[in-house]
2 protein chains.
Amino acid sequence: MDKLTATSVFESLASGVRLDVFRLLVKQGLDGMVAGEIASTLELPPTNLSFHLKALTQARLLRVEQEGRYQRYRANIPLMLDLIAYLTEECCAGNPQQCMDLRAESCCSSDLLPPISDNSTKL
Amino acid sequence: MDKLTATSVFESLASGVRLDVFRLLVKQGLDGMVAGEIASTLELPPTNLSFHLKALTQARLLRVEQEGRYQRYRANIPLMLDLIAYLTEECCAGNPQQCMDLRAESCCSSDLLPPISDNSTKL
DNA sequence: ACAACAATTCAATAATTGTTGTATAGTTGA
DNA sequence: TCAACTATACAACAATTATTGAATTGTTGT
């Protein structure tokens, strides 16, 4: 994960519309959705959705596949996982106890992140 | 985690300068850094850094504390963890096998995320 | 080939964001 | 109190981003 990739992804998610689109597609998983379904679900003008789909796709957060006259979009979940890893790299000054204390303050991450191994500097 | 909070955080991290600042402070953990240290480490004009520190602080990604004539900044790691949870909510259409397959594609997340429990819909 | 449909591109406009230098507010130590 | 220092606020300008309607490209089914 290089910096340019990371900022592109964050830029993509910095818009309420694009965040809605991405989260909707994360929920759909491998099924994905075609553009028209997304537009009607989120009640967006097709033109505007297209603008945001393009931004998300250029940032590689979405993958697109043609299906006849439809375009099916899917969330690029592995990229999202890489981004999370990039964000937490070398955290907490190499002090695992800090990581544990900080995780305890988070309202909902306890079931999402793994136990901290003693030799790890990661969250 | 509401949508406005999430987009503010992503907006904050959408700039290369702010991403550098935040990752630097994640590394420092609870120690944090004062503004001048950050500016000299990243070789930024103080004025410009101040602009970005303000944006990060308003998004609550940074906490600031006065120390005499210095301002000490620290990363708000619990907020970051909440954001990660928000992003992966209800993912993969409730199908844990999809989650596992997708995790296998990520280059570096295997040591960062927990085993998937059978009844979980989360990554 | 043709009419209907799905989606995107284009052009115009509105609104927001980033960077820099200068000026200002607050703190420290002699 | 005064000079030095830390950091931010302000103003001006450059650059980018978001939204909309109209036009365009490509696909389907008859």
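Fair warning: this is a prediction, and the values are worked out from it, not measured in the lab. Proteins come first, then strands; the chains are lettered A, B, ... in the order of their sequence lines, and each starts at number 1.
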**Protein proximity profile, nucleotides 15-20 of chain C - base contact B, sugar-phosphate-only contact S, no contact -, cut-off 4.0 Å on heavy atoms** = ---BBB
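Put simply, CZ on A/Arg69 is 6 Å from P on C/dA6, counting in whole angstrom units. Rounded to a whole Å, the CE atom of A/Met33 is 11 Å from the P atom of C/dA7. Between A/Arg72 atom CZ and C/dT8 atom P the separation is 13 Å, expressed in whole Å. Taking atom CG of A/Leu62 as the reference point, atom P of C/dT8 lies 11 Å away to the nearest angstrom. Following rounding to the nearest Å, A/Leu44 (CG) and C/dA6 (C1') show an atom-to-atom distance of 16 Å. One atom, CD of A/Glu43, and another, C1' of D/dT19, lie 17 Å apart when rounded to the nearest Å. In this structure, A/Leu49 places its CG atom 16 Å from C1' of D/dG21, rounding to the nearest Å.
The CZ atom of A/Phe22 lies 13.0 Å from the CG atom of A/Leu53; values are rounded to the nearest 0.5 Å. For the atom pair CD (A/Gln58) and OG (A/Ser12), the distance works out to 9.0 Å, reported to the nearest 0.5 Å. Here OG1 of B/Thr88 is found 5.5 Å from CE of A/Met80. Values are rounded to the nearest 0.5 Å. One distance of note links CG of A/Leu61 with CD of A/Glu11; it measures 11.5 Å at 0.5 Å rounding.
At a threshold of 4.0 angstrom between heavy atoms, the contacts of A/Gln66 are confined to the sugar-phosphate backbone, with no base atom among them. As judged by a 4.0 angstrom heavy-atom cut-off over every strand, B/Glu37 is placed among residues making no nucleic acid contact.
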**Prompt:** According to the Watson-Crick and G-U wobble definition with distances under 3.5 Å, which dot-bracket string, read 5' to 3', encodes DNA chain D, using [ ] for crossing pairs and | for pairs with another strand?
**Reply:** ||||||||||||||||||||||||||||||
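A close approach under 4.0 Å does not occur between any side-chain nitrogen or oxygen of A/Tyr73 and OP1 or OP2 of C/dA6. Between D/dT8 and B/Tyr70, no contact under 4.0 Å exists linking OP1 or OP2 to a side-chain N or O.
Counting only heavy atoms from C-beta outward, the side chains of B/Thr5 and B/Asp82 never approach each other to under 4.5 Å. Side chains of B/Leu25 and B/Ile38 form a contact here, defined as non-hydrogen atoms less than 4.5 Å apart. Contact check for A/Tyr86 versus B/Leu19: side-chain heavy atoms found under the 4.5 Å cut-off. No side-chain heavy atom of B/Leu79 sits less than 4.5 Å from a side-chain heavy atom of B/Leu83. Looking only at side-chain heavy atoms (C-beta outward), A/Leu44 and A/Asp20 stay at 4.5 Å or farther from each other.
Both A/Glu67 and B/Lys54 lie near DNA chain D, and the one whose nearest nucleotide falls closer to the 5' end is B/Lys54.
Listed candidates were D/dG29, C/dT8, C/dT9. Nearest to the side chain of A/Ala35 is C/dT8.
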